[in-house]
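For reference, the structure is listed below as structure tokens.
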Amino acid sequence: MRILSVTSEIYPLVKTGGLADVAGALPLALKAHDIEVKTLVPGYPAVMRVIGKAEERLHLPDVFGVEARVLEVEHEGLDLLVLDAPALFDRMGGPYIDQNGADYGDNWKRFALLSKIGAEIAAGAIEGWQPDLVHAHDWQAALTPLYMRHSTTAGTPSVITIHNMAFQGQFSSELFAQLGLPDRAYMESLEYYGRVSYLKGGLTSATAITTVSPSYAEEILTPEYGMGLEGVIASRAEDVYGIVNGIDAAVWNPASDPLLVENYTAAALRKRMANRAAVASHFGLDDDEGPIFCVISRLTWQKGMDLLAEVVDDIVAAGGKLAVLGTGDAALEGAMRAAAGRHNRRVGVIIGYDEQLSHLLQGGADAILVPSRFEPCGLTQLYALRYGCVPVVARTGGLADTIVDANEAALGARAATGVQFSPVTADGLRHGLRRAIRLYGDAKLWTQIQKQGMKADVSWGKSAERYADLYQRLVSKGH
């Protein structure tokens with residue numbers, strides 16, 4: 001089976017969040033099911049620098065007023081189709097925002113182009129290769145199924161994955177005329193309170209919709225999590241599937257991870273202490289017996305970082321320490337810096353993102369805090385399980401699906417892998433922290449939780465099998 005994946009980012013070439021990890025790992029996992037995936041990704045500078053010699057498969061002299069090429073190359077096991085359109089993608093900032101943190105004013109065009117080219121490849125624009133199914137990721141690729149619907153490939157099945165319903169690709173309705181779609185597509189698929197929503201276009205057009213956890217698939221049917229699109233989801237309910245993300249078990253493996261100070265396994269957890277000492281040193285923390293809690297996150301309201309700011313003093317008062325790695329809202333960055341200023345050698349904060357440091361935190365911190373108000377799946381807690389870094393998570397979405405709470409029954413059955421807390425408030429988080437600190441005080445019990453988490457199957461194996469089954473059903477129906 002041939003699959004075209006359309007995505008705005010892919011690990012290890014370009015990454016701003018979990019979308020990149022999924023887009024990079026799923027194609028590799030699908031090879032075991034005899035599924036060939038080619039991934040269409042924009043030719044950002046970070047991509048163009050590393051792809052080396054690539055074969056030009058498509059030349060487009062004028063699409064939306066720009067010249068573009070599609071280059072094909074293999075990179076670290078991934079079959080890539082790189083959309084080289086320098087006028088839109090050769091920029092110094094990130095994939096979506098400029099160096100000053102502002103959205104690019106033409107994101108509507110940049111990702112309409114990505115989707116348009118995806119639809120043309122689906123129609124056979126690349127000689128000798130045509131996909132049986134197209135898989136689009138998030139709003140940036142969401143117009144792909146819509147362009148397909150209004151082209152010769154209306155019968156080719158498509159899947160759209162919602163990684164986060166909060167990001168919808170909303171733009172002025174005045175731009176619709178420039179998208180090259182029939183007039184009826186506006187009201188049928190794109191109109192959202194007088195604006196255009198790319199994500200809605202995908203949700204109304206794709207053959208099937210997937211979310212990144214079963215709980216999130218149910219949550220987005222409600223106003224609280226549906227972000228204004230819950231009615232659209234409800235109308236497509238029979239076509240919605242919740243499939244938990246996996247992680248790349250080769251990249252995230254404490255036994256072989258080159259980014260750790262010392263490698264270790266569940267049978268040799270004592271070796272983990274070298275990484276713990278390195279975390280304390282890197283973040284300027286006391287290297288004592290008090291638990292080290294870590295945070296690796298965007299510093300935003302969605303991630304519950306304002307709740308964390310409220311409970312930092314409680315962590316320190318209970319004898320704990322906190323290491324924060326992240327970037328985001330200026331006010332929350334300031335609150336974290338202020339906490340570090342109040343609690344010298346008990347709170348350490350590094351503003352930014354560092355892949356190597358994120359691995360070290362997972363391999364050295366005692367527990368990781370994930371107090372998200374909503375979390376479609378979450379990958380951070382999956383990495384943590386793999387590394388024996390006990391997750392303390394909000395009871396929502398994929399966090400609830402992937403972490404077994406250390407309640408009395410689960411502890412008795414030796415099944416617990418972390419701590420869940422609810423409601424998602426500062427008091428709820430305080431309660432979760434108190435439970436975690438009590439558990440940490442019982443070294444034998446804490447080690448049991450660590451080892452149980454490290455045994456959990458968080459790879460792409462089962463999830464890839466579910467995607468393979470879904471693809472097969474959709475392709476069979478299409479024929």
Side-chain angles (χ1 to χ4, degrees), residues 6-9 16-19 23 40 42 64 88 95-97 102-119 134-151 154 158-212 216-237 239-242 300-302 374 376 397:
V6 185
T7 180
S8 60
E9 51 188 89
T16 67
L19 164 61
L40 178 66
F64 298 140
L88 295 180
Y96 319 118
I97 58 176
D103 285 353
Y104 294 119
D106 59 354
N107 274 344
W108 70 271
K109 180 187 287 190
R110 299 168 78 230
F111 297 108
L113 178 69
L114 178 69
S115 295
K116 177 72 170 172
I117 302 308
V134 175
H135 189 161
H137 293 271
D138 263 354
W139 75 264
Q140 297 92 338
L143 290 189
T144 308
L146 182 57
Y147 279 120
M148 291 170 61
R149 179 176 170 184
H150 294 286
S151 75
S158 59
V159 173
I160 183 166
T161 294
I162 306 167
H163 294 267
N164 192 333
M165 191 73 115
F167 303 110
Q168 300 181 4
Q170 293 182 25
F171 303 100
S172 168
S173 59
E174 295 176 2
L175 298 172
F176 172 76
Q178 301 181 56
L179 294 177
L181 289 161
D183 291 344
R184 69 179 189 277
Y186 176 68
M187 290 306 298
E188 284 180 0
S189 302
L190 288 170
E191 192 277 332
Y192 181 87
Y193 298 101
R195 292 170 63 78
V196 163
S197 166
Y198 282 22
L199 182 60
K200 182 182 176 184
L203 297 178
T204 55
S205 304
T207 315
I209 300 165
T210 67
T211 70
V212 290
Y216 193 60
E218 296 178 3
E219 289 174 347
I220 59 175
L221 289 165
T222 68
E224 182 180 0
Y225 297 99
M227 307 290 174
L229 291 174
E230 60 274 7
V232 176
I233 296 295
S235 72
R236 300 290 316 275
D239 302 316
V240 178
Y241 303 84
T300 64
W301 179 88
Q302 181 218 322
F374 62 95

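What you see is a predicted model, and the numbers here were worked out from it, not measured in a lab. Every heavy atom of this structure was used, including side-chain atoms; hydrogens, water molecules and symmetry mates were not.
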Under 3.5 Å, which donor-acceptor pairs do the side chains of residues 169-177 form with other protein atoms, sequence neighbours left out?
residue, atom, partner, partner atom, Å
Q170, NE2, Q168, OE1, 3.0
S172, OG, E174, N, 3.1
S173, OG, G194, O, 3.3

In a table with atom names and distances, give each donor-acceptor pair under 3.5 Å that connects a side chain of residues 198-209 to protein atoms at least two apart or in another chain.
residue, atom, partner, partner atom, Å
Y198, OH, W108, O, 2.7
K200, NZ, E191, O, 2.5
T204, OG1, S189, OG, 3.4
T204, OG1, K200, O, 2.9
T204, OG1, G201, O, 3.2
S205, OG, R149, NH1, 3.4
S205, OG, G201, O, 2.7
T207, OG1, S158, N, 2.9
T207, OG1, S158, O, 3.4

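Put simply, CG on L114 and OG on S8 are 7.5 Å apart, with the number rounded to the nearest 0.5 Å. Between the CG atom in L143 and the CG atom in L190 there is a gap of 6.0 Å [rounded to 0.5 Å]. In this structure, CG in L19 is found 11.0 Å from CZ in F167, a value given to the nearest 0.5 Å.
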Exercise for review: Could you please spell out the steps behind the side chain to side chain contact (heavy atoms under 4.5 Å, CB included) verdict for V212 and I162?
Suggested key: CA-CA 7 Å; V212 290; I162 306 167; over 6 Å; no
Practice item. Output, in order, the C-alpha distance, side-chain angles, deciding distance and verdict of side chain to side chain contact (heavy atoms under 4.5 Å, CB included) for V134 and M148. Key: CA-CA 9 Å; V134 175; M148 291 170 61; 3.8 Å; yes
Practice item. Run the numbers on Y104 and I97 for side chain to side chain contact (heavy atoms under 4.5 Å, CB included), then give the verdict. Key: CA-CA 5 Å; Y104 294 119; I97 58 176; 5.6 Å; no
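In this structure the side chain of L229 reaches within 4.5 angstrom of the side chain of Y192, judged on heavy atoms. Looking only at side-chain heavy atoms (C-beta outward), T211 and I220 come within less than 4.5 Å of each other. Between Y186 and L181 the shortest side-chain heavy-atom distance does not fall below 4.5 Å.
Proximity of a side-chain donor or acceptor of Q140 to a complementary backbone N or O of D138 within less than 3.5 Å is not detected. Looking only at distances, a side-chain donor or acceptor of T144 sits under 3.5 Å from a matching main-chain atom of A141.
Residues satisfying the side chain to side chain contact (heavy atoms under 4.5 Å, CB included) criterion with A234, sequence neighbours excluded, are L221. Contacts of H137 classified as ring pair (Phe, Tyr, Trp, His ring centres under 6.0 Å), with partners at least two apart in sequence or in another chain: H135, H163. In this view, R195 satisfies the salt bridge (Lys or Arg N to Asp or Glu O under 4.0 Å) rule with no residue, not counting sequence neighbours. Listed by chain and residue number, Y96, W139 satisfy the ring pair (Phe, Tyr, Trp, His ring centres under 6.0 Å) test with F111 (two or more places apart in sequence, or in another chain). The side chain to side chain donor-acceptor pair (under 3.5 Å) test applied to T222 returns no partner, not counting sequence neighbours. A search for side chain to side chain donor-acceptor pair (under 3.5 Å) contacts involving E218 returns nothing, not counting sequence neighbours. Partners of T16 according to the side chain to side chain donor-acceptor pair (under 3.5 Å) rule, which considers only residues two or more places apart in sequence or in another chain, are E9.
Heavy atoms only, all atoms of each residue included: P95 and R110 are closest at O-NH1, 2.7 Å. Here the closest heavy-atom approach between residue G118 and residue V6 is recorded as CA-CG2, 4.3 Å. In terms of heavy-atom proximity, F374 sits nearest to A166 at CZ-CB, 3.8 Å.
The number of heavy atoms from other shown groups lying within 6.0 Å of CG (D183) does not exceed 12.
Just one residue in the list M227, E219, M165 forms a side chain to side chain contact (heavy atoms under 4.5 Å, CB included) with I233, and that residue is M165.
Below 30°, between 30° and 60°, or above 60°: for F64 and Y147 the angle between ring planes is between 30° and 60°, a tilted geometry.
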